[in-house]
> 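Below you'll find the structure I mean.
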2 protein chains.
Amino acid sequence: MKNSLHTTTLADQAEEKIIEYIKEHHLVPGDALPNEMQFSEMMGISRNVVREAMSRLRMLGLIQSRTKRGIVVTEPPLLNGFSKVLDPQLLSINTLKDMMGMRLALEIGITDFIFANITNVDLKELDEIVARQKAIGINNLSIEDELKFHLKIYEIAGNQFIMKFQELMHPVFVFSKQNYENYFQPINRKLQEENKIITHVDILEKLKNRDAEGYRNAMRMHLHPYWEFLYNYTEK
Amino acid sequence: MKNSLHTTTLADQAEEKIIEYIKEHHLVPGDALPNEMQFSEMMGISRNVVREAMSRLRMLGLIQSRTKRGIVVTEPPLLNGFSKVLDPQLLSINTLKDMMGMRLALEIGITDFIFANITNVDLKELDEIVARQKAIGINNLSIEDELKFHLKIYEIAGNQFIMKFQELMHPVFVFSKQNYENYFQPINRKLQEENKIITHVDILEKLKNRDAEGYRNAMRMHLHPYWEFLYNYTEK
DNA sequence: AATTCCTATTTGTAGGACAAATATATTTAT
DNA sequence: ATAAATATATTTGTCCTACAAATAGGAATT
């Protein structure tokens with residue numbers, strides 16, 4: 001039994017083989033795969049091992065299996081694995097920073113989509129969201145208020161994947177915000193002293209004026225504390 | 001045995017339980033997990049099923065197991081699952097569009113990072129990349145030339161996650177470009193007639209001038225065909 | 001105190017068994 | 001002849017036992 005970090009188990013090989021099989025046979029969602037025993041015999045390994053591999057692919061959403069029918073390929077949700085792995089507790093500070101960078105890039109990057117898609121109904125909804133939100137401290141809303149506004153923004157962008165992605169990353173941001181509160185507080189205080197705080201109200205104004213460039217700048221400023229964190233925070 | 005699409009198998013439950021265990025016990029990378037038999041007894045299920053669950057988590061990179069030592073939590077690479085699932089053959093047209101949107105958003109969204117990080121050495125490298133590339137048809141380079149330029153851009157942005165993400169998405173773009181060539185060609189021809197084609201040379205110019213706004217516009221225009229595809233392509 | 005050896009534990013793999021589901025074939029009823 | 005009910009065979013999901021290989025930790029030796 002090989003077991004070191006650099007050797008692959010039979011399950012790893014089986015997994016690879018099955019994926020390979022799908023690609024080589026140009027299988028598409030709906031197509032059937034050989035059943036467990038057939039793979040077991042094809043590879044000369046026990047059914048248990050094949051099942052481990054299948055179990056992985058099932059988890060990823062690449063396949064579905066049903067008694068008697070066997071195993072069929074399905075269109076996988078792209079983020080099944082990602083969603084299980086995003087525990088902030090397990091992530092290094094560098095990974096957290098990367099996640100933040102991703103969020104900043106996306107939030108600025110979807111600007112063009114937003115302005116291409118936004119309707120008056122959307123603006124009205126945003127109006128209501130902003131009207132209902134309540135301030136908690138400096139440049140800080142409740143997690144829920146913050147989420148509601150930004151989720152609506154993402155919704156307007158109209159990209160399911162980005163939407164899902166953000167949803168999954170959200171707990172990471174909540175964690176960071178709380179875990180590094182001491183770092184964010186003075187930044188926000190300074191912003192306030194310099195009168196540079198940009199709130200959802202300001203951002204919404206840019207949307208109403210259909211001012212994409214202004215929106216980007218406003219959003220950049222709104223997220224400035226994260227930018228600061230990303231570039232300047234170091235541990236201890 | 002429950003087996004319909006809406007029921008969970010024991011392996012699903014075991015997987016959930018183990019993840020739950022990690023969270024509830026606040027385990028961090030390096031910490032040990034109960035071994036297979038213990039989970040088996042804890043849950044009143046067979047070791048086989050526990051192994052299926054562990055196999056999944058091992059694939060995601062959440063855990064590592066070694067003989068005798070047992071199972072330890074590890075910091076997971078975030079995109080292990082994503083990488084196995086990104087087979088363009090399996091993705092619907094809408095998912096492909098979402099991926100393209102993601103790419104557009106990211107490529108525009110990292111602008112601020114790029115201008116915060118870029119050095120003269122980077123510019124020199126980009127110069128060389130651009131100098132070596134060769135045109136193939138209208139607004140078209142070889143896959144490799146195209147990749148080299150954009151990868152370097154991502155590298156400058158300095159975000160490992162985004163970098164990895166783009167690397168994984170690249171084959172999807174290659175696929176789309178080839179698969180929908182007929183759609184892209186007339187768009188590029190029209191752009192050429194209107195003299196609106198923006199090449200890597202133009203983009204590089206903006207970088208050299210430290211013109212972020214100009215860069216964003218240039219990149220937007222450079223990627224315009226994808227934008228077109230995203231908003232206007234329909235099947236048949 | 002350092003080294004070697006031994007032992008017990010744990011994962012990785014194999015193979016057999018059976019229940020539950022269900023596609024397909026067969027029989028029965030209308 | 002068609003529809004409904006039944007039987008059959010197949011396949012996944014689960015459980016069990018067994019053993020090899022690795023190895024952590026203790027025991028024995030130098």
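Letters A, B, ... are given to chains in the order of the sequence lines, protein chains preceding strands, and every chain is numbered from 1. Keep in mind that what you see is a predicted model, and the values were worked out from it rather than measured.
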> Is the distance between the ring centroids of B:H222 and B:H200 less than 6.0 Å?
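B:H222 vs B:H200: aromatic centres under 6.0 Å.
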> Would you say that more than 12 heavy atoms from the other residues, nucleotides or ligands in this model lie under 6.0 Å from the CD of A:Q160, or not?
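Not buried by this count: 12 neighbours or fewer within 6.0 Å.
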> B:I71 CD1 to D:dT23 P: how many Å, rounded?
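It works out to 15 Å between those atoms.
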> Could you give the CG-to-P distance, from A:L57 to D:dT12, as a whole number of Å?
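Spelled out: CG on A:L57 to P on D:dT12 is 14 Å.
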> What's the CD1-C1' distance between B:I63 and C:dT11, to the nearest Å?
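Atom CD1 in B:I63 sits about 11 Å away from atom C1' in C:dT11.
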> May I ask you to check whether over 12 heavy atoms, not counting those of B:K17, lie within 6.0 Å of atom NZ?
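No, NZ of B:K17 has 12 or fewer neighbouring heavy atoms, counting only those of other groups under 6.0 Å.
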> Should the side chain of A:R47 and the base of D:dG13 be counted as holding a donor-acceptor pair, with the cut-off at 3.5 Å?
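Between D:dG13 and A:R47, which were checked side chain against base, a qualifying N/O pair under 3.5 Å is present.
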> As a quick check of understanding, evaluate ring-ring contact (aromatic ring centres under 6.0 Å, His included) for A:Y233 and A:F184, giving each step before the final call.
CA-CA 10 Å; A:Y233 178 82; A:F184 287 118; 8.5 Å; no
> Name the nucleic acid region contacted by B:N48, choosing base, sugar-phosphate or nothing; use a 4.0 angstrom heavy-atom cut-off, strictly under.
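Base contact.
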> More 5' along DNA chain D: B:V49 or A:M37, using each one's nearest nucleotide?
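The 5'-side residue here is A:M37.
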> May I have the distance from A:L33 (atom CG) to D:dT11 (atom P), rounded to whole angstrom?
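In whole Å, D:dT11 P and A:L33 CG are 13 Å from each other.
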> What heavy-atom pair brings A:L96 and A:V172 nearest, and what distance separates the two atoms?
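Shortest heavy-atom contact: CD2-CG1, 3.4 Å.
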> Are any of A:R66's side-chain N or O atoms less than 4.0 Å away from OP1 or OP2 of C:dT22?
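Answer yes for this pair, as a side-chain N or O of A:R66 is under 4.0 Å from OP1 or OP2.
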> Among the candidates D:dC16, C:dA14, D:dT11, find the nucleotide nearest to the side-chain atoms of B:S46.
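So the nucleotide nearest the side chain must be D:dC16.
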> Taking atom C1' of C:dA14 as reference, at what distance in whole Å does atom CD of A:E36 sit?
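That distance rounds to 15 Å.
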> CE of A:M54 versus C1' of D:dT14: gap in Å, rounded?
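Whole-Å distance recorded here is 17 Å.
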> On DNA chain C, check which nucleotide each of B:R58 and A:R69 is closest to and give me the residue with the more 5' one.
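Upstream on the strand: B:R58.
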> Counting only side-chain N and O atoms of B:T67, is one of them less than 4.0 Å from OP1 or OP2 of C:dT10?
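Answer no for this pair, as no side-chain N or O of B:T67 is under 4.0 Å from OP1 or OP2.
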> Is A:R51 near enough to D:dG13 that one of its side-chain N or O atoms lies under 4.0 angstrom from OP1 or OP2?
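Answer yes for this pair, as a side-chain N or O of A:R51 is under 4.0 Å from OP1 or OP2.
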> Given atom CD of A:Q38 and atom P of D:dT10, what is their separation to the nearest angstrom?
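So the CD-P distance, A:Q38 to D:dT10, works out to 12 Å.
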> Roughly, in whole Å, what's the span from NZ in B:K68 to P in C:dT11?
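Spelled out: NZ on B:K68 to P on C:dT11 is 11 Å.
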